[in-house]
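Input: a single structure, listed below in structure tokens.
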Amino acid sequence: MSIVLVVGLGNPGLEYAETRHNFGWKVVDALALKLGLCWRSHPAFTAEIAKGNQDSIPRLWLAKPHTFMNDSGRSVLALMRYHRIPSTAVVAVFDDINLELGSLKIAENGGPGGHNGVASVIEQIGPEFTRFRLGIGPKQPVE
């Protein structure tokens, strides 16, 4: 099964826009820009969606759930059901404080690793999806 749905986990609102916790959104934003895709708000999915429909990208959806990270699974499940996407064709992109800043770890299946957004996705769709964990390192003290 090829990738069909790429979900960037993050939080809506200006107070979160430039935080490392929103790296998932930043990655899907960059991917949409590279592929020339436009974001549209879809209230039925509580998300922004960018759809690939060119010959080179026949069936690809990018999503940024607006449910807040800890409830991301609800948005992912709604998209999967509507578009009949199996969980094995889903990729979740999210930050990970347990990885060194700038590192990347890709995993299939498994647990949430202490990430509440991933726990929400697992709760809604099960563990059989691909995870792109983006290292943000531990929270830095404010000086």
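The residues of the chain are indexed from 1 along the displayed sequence.
Under the 6.0 Å cut-off for aromatic ring centres, Trp61 and His42 do not qualify, their centroids lying 6.0 Å or more apart. Ring centroids of Phe94 and His115 are separated by less than 6.0 Å, placing the two rings close together.
A salt bridge does not link Glu100 to Lys105: none of the charged nitrogens lies less than 4.0 Å from a carboxylate oxygen.
A 4.5 Å side-chain heavy-atom check between Ile125 and Arg81 finds every atom pair outside the cut-off. Considering only heavy atoms from C-beta on, Val4 stays 4.5 Å or farther from Val90 through its side chain. Ser120 has its side chain out of reach of Arg74: every pair of non-hydrogen atoms, C-beta onward, lies at least 4.5 Å apart. Between Val27 and Phe132, every side-chain heavy-atom pair lies at or beyond the 4.5 Å cut-off. Residues Glu48 and Arg40 form no side-chain contact, since every pair of their non-hydrogen atoms from C-beta on lies 4.5 Å or further apart.
In this structure, the separation between CD1 on Ile49 and NZ on Lys64 is 10.0 Å, given to the nearest 0.5 Å. The distance from atom CG of Leu60 to atom CG of Leu5, rounded to the nearest 0.5 Å, is 8.0 Å. A distance of 9.5 Å separates CD1 in Ile136 from CG in Leu99, rounded to the nearest 0.5 Å. One distance of note links CG of Asp96 with CG of Leu134; it measures 8.5 Å at 0.5 Å rounding.
In summary, the side chains of Asn11 and Trp25 do not present any donor paired with an acceptor at a separation below 3.5 Å, with no hydrogens or angles considered.
Considering every non-hydrogen atom in both Gly8 and Val28, the closest pair reads N-CG1, 3.7 Å.
Judged by the 6.0 Å distance and 45° axis criteria, Arg131 is positioned over the aromatic ring of Phe129.
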